[in-house]
Amino acid sequence: MLTTTFSTNPYRAEDAPVFTAATRLLVVAPHPDDETIATGGLIQAVRAVGGDVTVLLATNGDNNPWPQRWMERRLLIDAAARRRWGSRRRGEVAAALVRLGVPADRIFPLGWSDMGITDQLRRNHEGALSAFAEAIAEASPTLVAMPALGDRHPDHGACHVLTRLAVDRLGHTAACIDYMVHGTARPGPAFTLDMSPAAAAIKHEALLSHATQTALSRGRMERMASRPERYGQLGLPTAAGRSIGLPWQPSPLWAARLRLTVVDRSATRVFPWSATRQAADGGRCLDLPTSPSGPLFIKLSADLPSPWIFDRWGWAASGDGLAAGE
């Protein structure tokens, strides 16, 4: 099995980090509201001691039809309506961050399509990776908080992949941590951030700035935002060989529809499930045509239209769920 070697991380697993005025935090947020739900306390902790916070906002959250239909009293959501909604949500995230102590000019917006970040990886690998690398280079963070790879929302997992690969490309020394919004946090080195009642109240006020999201789901949003902020500590993902043992055992009924999205620093490649072979341990193995460029991430998905937006299988990384095939 490949193993992950943790980089020199200044935070012990049982302790929350100590922030100073020299701390430069970069929060990677796939959508407006993720920055508050997942890291509202973390942002306040950094700002309270004079540290700097930048938010990389991947999308404007424009693909959000049911709240939009409710609030705008309309059925049809066309391209113009989506742009208008995205602009509205973009204003909400700016207001939320100001309440958390972050000036509006500390947002680095990419304006990508909501529910489209995996497509960015597939269709525009170099452009997508360069955009993340540019944001990281500009922020020059000492600490990067990103969505967890195992988050079930496809935009969250894809943001994790892009962030890890961009940090790797830059050779950046920032400590990396992850947060879970949709799913269960993985085991491993982690810390939970303590929040005072005053900080929790400010986080709640920031959440209410996202009026489009609380219109139909205020209770659910408040429950998500009130959870303890738990962060996994990430080391450097290990390099992978050409033969990859896969962690999934899907039903044969899915086989014709299944696709493997394979991503490293140099390219994104898509393989049908039929490209896999049976391994000696009874699992499945994928033989790549060339050796990966550094860390490797693989996603298993089905090419089927569905109203269910969350991943069924999701991502795995070299050294964290992907085994070396024989």
Side chains of [X] and [Y]: do they bring a donor and an acceptor to under 3.5 Å?
X    : Y    : result
D264 : S293 : no
R269 : T290 : yes
E222 : S226 : no
E229 : Y231 : yes

*Output, in order, the C-alpha distance, side-chain angles, deciding distance and verdict of side-chain contact (heavy atoms from CB on, under 4.5 Å) for V263 and I298.*
CA-CA 6 Å; V263 187; I298 299 183; over 6 Å; no
So, for [X] and [Y], which heavy atoms are closest and what is the spacing to 0.1 Å?
X    : Y    : value
R265 : P295 : NH1-CD, 3.8 Å
S291 : R242 : OG-CG, 3.1 Å
P30  : H156 : CG-CD2, 3.6 Å
T192 : P228 : CG2-CB, 3.8 Å
A81  : D78  : N-OD1, 2.8 Å
L300 : P250 : CD2-CG, 4.3 Å

If you measure from [atom1] on [X] to [atom2] on [Y], what distance do you get to the nearest 0.5 Å?
X    : Y    : atom1 : atom2 : result
T142 : L26  : OG1   : CG    : 10.0 Å
I136 : T163 : CD1   : OG1   : 5.5 Å
T54  : L25  : OG1   : CG    : 8.0 Å
R227 : I37  : CZ    : CD1   : 7.5 Å
R277 : R284 : CZ    : CZ    : 9.0 Å
I117 : C159 : CD1   : SG    : 3.5 Å

Can you check whether [Y]'s main-chain N or O pairs, donor with acceptor, with [X]'s side chain at less than 3.5 Å?
X    : Y    : result
T276 : W273 : yes
T268 : L121 : yes
R69  : L75  : yes
R152 : F310 : no
Q44  : G40  : yes

*asked:* Heavy-atom count check: over 12 atoms from other residues, nucleotides or ligands less than 6.0 Å from R74 CZ?
replied: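 Atom CZ in R74 is crowded, with more than 12 foreign heavy atoms closer than 6.0 Å.
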_Selection residues 36-64 - residue pairs positive for salt bridge (Lys or Arg N to Asp or Glu O under 4.0 Å), sequence neighbours left out_ =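 Output for this query lists D52-R106, D62-R82.
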*Give every residue pair that meets the salt bridge (Lys or Arg N to Asp or Glu O under 4.0 Å) criterion with at least one member in residues 18-35, sequence neighbours excluded.*
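Sorted result for residues 18-35: D33-R89.
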*Any ring-ring contact (aromatic ring centres under 6.0 Å, His included) pairs touching residues 96-137, not counting sequence neighbours?*
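Qualifying pairs: W112-F132.
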*Scan for ring-ring contact (aromatic ring centres under 6.0 Å, His included) pairs involving residues 52-92, sequence neighbours excluded, and state none if there are none.*
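Found none.
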*Test T23 against V49 for side-chain contact (heavy atoms from CB on, under 4.5 Å), laying out the working first.*
CA-CA 9 Å; T23 301; V49 294; 5.5 Å; no
According to a 4.5 Å side-chain heavy-atom criterion applied to Ile, Leu, Val, Met, Phe, Trp and Tyr, with indirect links allowed, do [X] and [Y] form part of one hydrophobic cluster?
X    : Y    : answer
M180 : M221 : no
V93  : M115 : no
L170 : V167 : yes
M195 : Y179 : no
V161 : L110 : yes

So, do [X] and [Y] sit near enough that their side-chain heavy atoms are less than 4.5 Å apart?
X    : Y    : answer
S130 : R169 : yes
C285 : L246 : no
V144 : V28  : yes
L286 : V262 : yes
R164 : L149 : no
M224 : L207 : no

Table please: side-chain donor-acceptor pairs of residues 95-104 below 3.5 Å, with sequence neighbours left out.
| residue | atom | partner | partner atom | Å |
| --- | --- | --- | --- | --- |
| R99 | NE | E205 | OE1 | 2.5 |
| R99 | NH2 | E205 | OE1 | 2.6 |

_Considering only residues two or more places apart or on different chains, which pairs with a residue in residues 307-317 satisfy side chain to side chain donor-acceptor pair (under 3.5 Å)?_
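The answer is K299-D311.
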*Scan N64, N60, D155 and name whichever one has a side chain to side chain donor-acceptor pair (under 3.5 Å) with H31.*
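Testing H31 for a side chain to side chain donor-acceptor pair (under 3.5 Å) against N64, N60, D155 leaves exactly one candidate, D155.
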_Derivation of the side-chain hydrogen bond (donor to acceptor under 3.5 Å, both in side chains) call for E92 and T212_ = CA-CA 8 Å; E92 290 176 351; T212 58; 2.8 Å; yes
*Evaluate the side-chain contact (heavy atoms from CB on, under 4.5 Å) criterion for residues F297 and T261: first the C-alpha distance (whole Å), next the side-chain angles of each, then the deciding distance (0.1 Å), finally the verdict.*
CA-CA 8 Å; F297 298 89; T261 300; over 6 Å; no
_Candidate pair H160 and D151, rule side-chain hydrogen bond (donor to acceptor under 3.5 Å, both in side chains), full reasoning_ = CA-CA 9 Å; H160 180 103; D151 193 299; over 6 Å; no
_Test log, rule side-chain contact (heavy atoms from CB on, under 4.5 Å), inputs R88 and Q68_ = CA-CA 10 Å; R88 182 172 182 172; Q68 186 171 6; over 6 Å; no
